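Below is one structure, written out as structure tokens, with a few remarks after it.
In what follows, chains are A, B, ... by sequence order, proteins preceding strands, each numbered from 1. Since we're looking at a predicted model, the values are computed, not measured. All values below were derived from every heavy atom in this structure, side-chain atoms included, with hydrogens, water molecules and symmetry-related copies excluded.
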Amino acid sequence: MRHYLDELNDVQRAAVTTTEGPVLVIAGPGSGKTRVLTYRIAHLLEQGVAPWQILALTFTNKAAREMTERIERVVGAKAKEVWAGTFHATFARILRAEARAIGYPSSFSIYDTDDTTSLLRRIITQEMGLDPQQYSPNALRSRISLAKSNLITPALYRTNERLLEEDRQARRPYVADIYERYVARCKRAGAMDFDDLLLQMHYLLQNHPDIADKYRRRFCYVHVDEFQDTNHLQYAILHLLTKYPGSPENLFAVGDDAQSIYAFRGATIDNMLNFSKDFPRRQIFKLEQNYRSTHHIVTAANEVIAHNRRQLPKTIWTARTDSYKVRLLRCLTDDDEARRVVDLILEQKNRFHLRNSDIAILYRTNAQSRKFEEQLRRQNLPYRVFGGLSFYQRKEVKDFLAYLRLAVNPYDEEALVRIINNPARGISVTTVYKLGQHAQVNGLTLWEAMTGAELPERARKAVSNFRALVESWQRRAAVEDAYSIAADIYRQSGLLAALKSDVSNEEGIGRLENTNAVLDAIAEFTAQAKNLASLEEQGSADSSLAAYLQTVSLLTDADLADDHADHITLMSAHAAKGLEYRSVFITGMEEHLFPSYFSLETPGGLEEERRLFYVAITRAKELLTISYALSRYRNGQLREASPSRFLGEIGRDHYENLGGIGSRRIAAEPARATVSGNFSRPTPAQRPSILTDDFKPSPPEDIVPGVRVRHLKFGEGIVQSVEGARENRIATIRFSGDDIPERRLVLRFAKLMIV
DNA sequence: TGACTGTGGGTTTTT
DNA sequence: CCCACAGTCA
């Protein structure tokens, strides 16, 4: 067996084996970044470092999981004991253990963006009596988030002239007050928002030397993936963890400034620059060879990114010279775009024997997915949409989770407001309002106000009944495992009955199924946690409802994905970061869409959009198609659009136009004539024709799965499956004696006879 | 009190 | 176009 170090190039190996001291790896797209990270951790383990001494922080759960799996392949089961997780999940786990030190319950709730927004709305309208149009809850949310990400507390906010001036300009002088109240309300509810998970972690390390000491000693080797996307606060935490008197400064950061696409939420590539200042002993490695993509794709990407001023110098190159040019698809409308993209997908699947999972459609905004979904459905192509309204954001799922949250943390105001009268139990809006007033006047939580507020008899009874019900769950949640209590809550809350009573339509059935799926997930979580607890001697695995909720709050749709299913992927360019596909479609390349309208007004916005485009381009391994439409529906009306300025930044040598407007035939034609000279096309093996006197092609509609057919070139075979609709139906056929296991033929063209 | 209808407003990316 | 909220009616 090859040694794992032999699977690395010189630079990669040097990075992997530099185990001591600060290291910064600047890694271009497809340069083996994940490989370096995982092999380095594997290397540390081989050198005898204990797995629990290694911390690896990522941005997505998926990246963390993938890393663990890959380490496992090199060093086996002990990989599972490495602390690999997202910033948020890892810190949530630590904060849960140390909650007391910072005055939170260990079963603190985690507020997602919806919770945050609705709390802000209530503060703005009810508590402060301000106009929600002037003080848009969404705008406030991102403003507060940005403040937190830069370690600006409400008190500091009040003294920050720049922020105050910005607020005055925007005619929102009370932002600081809203911020302050928001923080107080979260604290009172025993809740942390996403930013708090970082902020409280920072606070913990900074103000509790004993605790800081504990984790510093524990995490001897700290790794960070996607370092370019860390914000100031995350960097500050890393700094606290790894830089202290006598520290070995074992911080290993991997990133690519050219792929920094989260500046809008506070990420700053300053962190990559500050790294050298804060860790003068640091070593820098540059991974510049791209192993993923072919020549035209890499060059096109380089040309685009060269238009950015702010970047670290590096030269990304590839040894893969065989390549198709980038194909540019000019479309009439967004409908036309979707149709032609899906036509091209069918063509590519046929020509290049692509699986559905080899293909991704990327776009700038999630709203663009709809048109592609329609077309893919029409052609019976399996697909999966990532992002958009997540499973966990669905009303019925959130409702159920709110009940569970309340059972664990009664002060969780967002959860309480959400379900206090859902399903209806006689607690009216007026009643809730009165409770809220009572809470505000007396500085109580809503939960506490439920016992003291003056209410009419009927309402009082409804409230006290509900409170008693929740209290019974709370007692049980403290001792029972997640599943047994969740299953009872599902029934006793009346949720199950309410959902069951409304299954007259597709949507109602969907709601019931979704909620059931949550319960199934809890069953699985409970079983897994118990299983783990029996394996680990310390029994640290926690099967409580509180543990489940803190896990689930940080999950996204991407974490539900079934990677084994063969489907076409639809996602935003942001979501595609870190992924790769043989064929990538970047769609909606129009001014005001990509780059977005918004970005043009933000300083540095255009460069960020360009980096995003760079990320999108470099997802493609072999085939890259870029499309734009001349008009597009926005807000229900057709609007003119012009091609994105970024298109002009790709050199003429690296792309070809795929036909004019609406000429669908050109799209379906082989691109042979326009493809560059130096590529080797994966041509199917030529075999002698089977001569038959009586060969009569059968009509395409007769070719159905299971039928035995004869082809003049490939001989006899069995039809495995048929997909696509009408003219575009494609049959997958297994020919006996063929050297290719399965062939995919477009029935419109293929001459097949049923035998 | 709760369900339904109409209106008005927002509309980038996400842990 | 789609969602959230407000106002109306049973």
Side-chain angles (χ1 to χ4, degrees), chain A residues 57-64 85-92 110-114 116-118 121 125 132-133 136-139 141-142 145 148-149 192-199 226 229-231 233-234 260-267 334 362-368 370-371 386-390 392-393 395 421-432 456 458-459 462 498 502 550-559 571-577 588 592-602 605 608-609 611-613 615-616 632-639:
Chain A
L57 297 169
T58 63
F59 276 84
T60 64
N61 296 298
K62 200 177 167 204
T86 64
F87 279 89
H88 292 85
T90 305
F91 297 162
I110 296 174
Y111 279 179
D112 67 11
T113 33
D114 289 348
T116 295
T117 310
S118 86
R121 180 180 299 278
T125 58
Q133 310 216 329
S136 141
N138 270 318
R141 174 168 51 73
S142 62
S145 173
K148 287 186 175 180
S149 303
M192 297 195 200
D193 64 19
F194 290 139
D195 299 307
D196 286 333
L197 293 173
L198 308 177
L199 203 57
E226 309 282 11
D229 288 332
T230 52
N231 62 33
L233 174 54
Q234 285 162 323
S260 161
I261 53 174
Y262 287 109
F264 72 92
R265 65 174 199 214
D334 45 356
L362 308 183
Y363 33 74
R364 180 65 181 81
T365 67
N366 284 314
Q368 289 164 253
R370 190 169 305 261
K371 302 278 175 182
F386 292 84
L389 190 62
S390 132
Y392 295 105
Q393 287 177 322
K395 185 184 174 302
N421 197 38
N422 171 25
R425 53 173 66 86
I427 303 175
S428 70
V429 186
T430 319
T431 305
V432 177
R458 216 166 68 175
D502 178 31
Q550 289 183 350
T551 311
V552 80
S553 304
L554 300 170
L555 289 182
T556 63
D557 250 18
D559 302 310
M571 59 168 74
S572 70
H574 279 90
K577 194 184 62 171
H592 301 318
L593 186 56
F594 203 166
S596 83
Y597 182 71
F598 237 48
S599 70
L600 303 178
E601 298 179 339
T602 324
E608 173 140 316
E609 295 285 310
R611 290 192 295 268
L612 183 59
F613 186 40
V615 166
R632 175 178 298 276
Y633 274 95
R634 292 186 58 143
N635 298 349
Q637 50 182 334
L638 200 64
R639 301 219 184 145

Checklist entry - Between Tyr262(A) and Phe264(A), how do the two ring planes meet: parallel, tilted or perpendicular, split at 30° and 60°? => result tilted

Next on the checklist: Quick check on DNA chain B: between Ser599(A) and Ala459(A), whose nearest nucleotide comes earlier from the 5' end?
Outcome noted: Ala459(A)

Checklist entry - His88(A) NE2 to dT14(B) P: how many Å, rounded? => result 14 Å

Item to check | Inter-residue atom distance Lys62(A).NZ - Thr86(A).OG1, 0.5 Å rounding | outcome: 15.0 Å

Next on the checklist: Any side-chain N or O of Ser572(A) below 4.0 angstrom from OP1/OP2 of dT13(B)?
Outcome noted: no

Checklist entry - Heavy atoms under 4.0 Å, any strand shown: does Phe87(A) hit a base, just sugar-phosphate, or nothing? => result nothing

Next on the checklist: Just the rounded figure in Å: distance from P of dT13(B) to CZ of Arg141(A).
Outcome noted: 11 Å

Next on the checklist: Base, sugar-phosphate or nothing for Thr113(A)? Non-hydrogen atoms, less than 4.0 Å.
Outcome noted: base

Checklist entry - Touch check for Ser596(A), heavy atoms < 4.0 angstrom, all strands: base, sugar-phosphate only, or nothing? => result base

Checklist entry - Does Asn61(A) place a side-chain N or O at less than 4.0 Å from the phosphate oxygens OP1/OP2 of dT15(B)? => result no

Checklist entry - Any side-chain N or O of Asn366(A) under 4.0 Å from OP1/OP2 of dT14(B)? => result yes

Checklist outcome for this item: Nearest-nucleotide check on DNA chain B, Asn138(A) vs Asn421(A); residue mapping nearer the 5' end is Asn421(A)

Next on the checklist: Once you apply a heavy-atom cut-off of 4.0 Å, does Arg611(A) come out as touching a base, just sugar-phosphate, or nothing?
Outcome noted: nothing

Next on the checklist: Below 30° counts as parallel, above 60° as perpendicular, anything between as tilted: where do the rings of Phe613(A) and Phe594(A) land?
Outcome noted: perpendicular

Checklist entry - Should Arg364(A) and Ser596(A) count as side-chain neighbours, where that means a heavy-atom distance under 4.5 Å? => result yes

Item to check | Pi stacking test for Phe194(A) and dT14(B): under 5.5 Å apart, planes under 30° | outcome: no

Checklist entry - Quick one: Leu233(A) CG to dT15(B) P, roughly how many Å, whole number? => result 17 Å

Checklist entry - Between dT14(B), dT13(B), dG2(B), which nucleotide gets closest to the side-chain atoms of Thr365(A)? => result dT13(B)

Next on the checklist: Please give the distance between the C1' atoms of dT13(B) and dA4(C) as a whole number of Å.
Outcome noted: 22 Å

Next on the checklist: Side chain of Arg265(A), heavy atoms from C-beta onward: which of dT15(B), dT1(B), dT13(B) has the nearest atom to it?
Outcome noted: dT15(B)

Next on the checklist: Between dT13(B) and Arg364(A), counting only base atoms on the nucleotide and side-chain atoms on the residue, is there a donor-acceptor pair under 3.5 Å?
Outcome noted: yes

Checklist entry - Which pair of heavy atoms, one from Thr117(A) and one from Arg141(A), lies closest together, and at what distance? => result OG1-NE, 2.9 Å

Checklist entry - Choosing from dT15(B), dT14(B), dC2(C), which nucleotide comes nearest the side chain of Arg370(A)? => result dC2(C)

Next on the checklist: Need one value for Arg634(A): base, sugar-phosphate or nothing, where a base atom within 4.0 Å counts as base even if backbone is also close, heavy atoms only.
Outcome noted: nothing

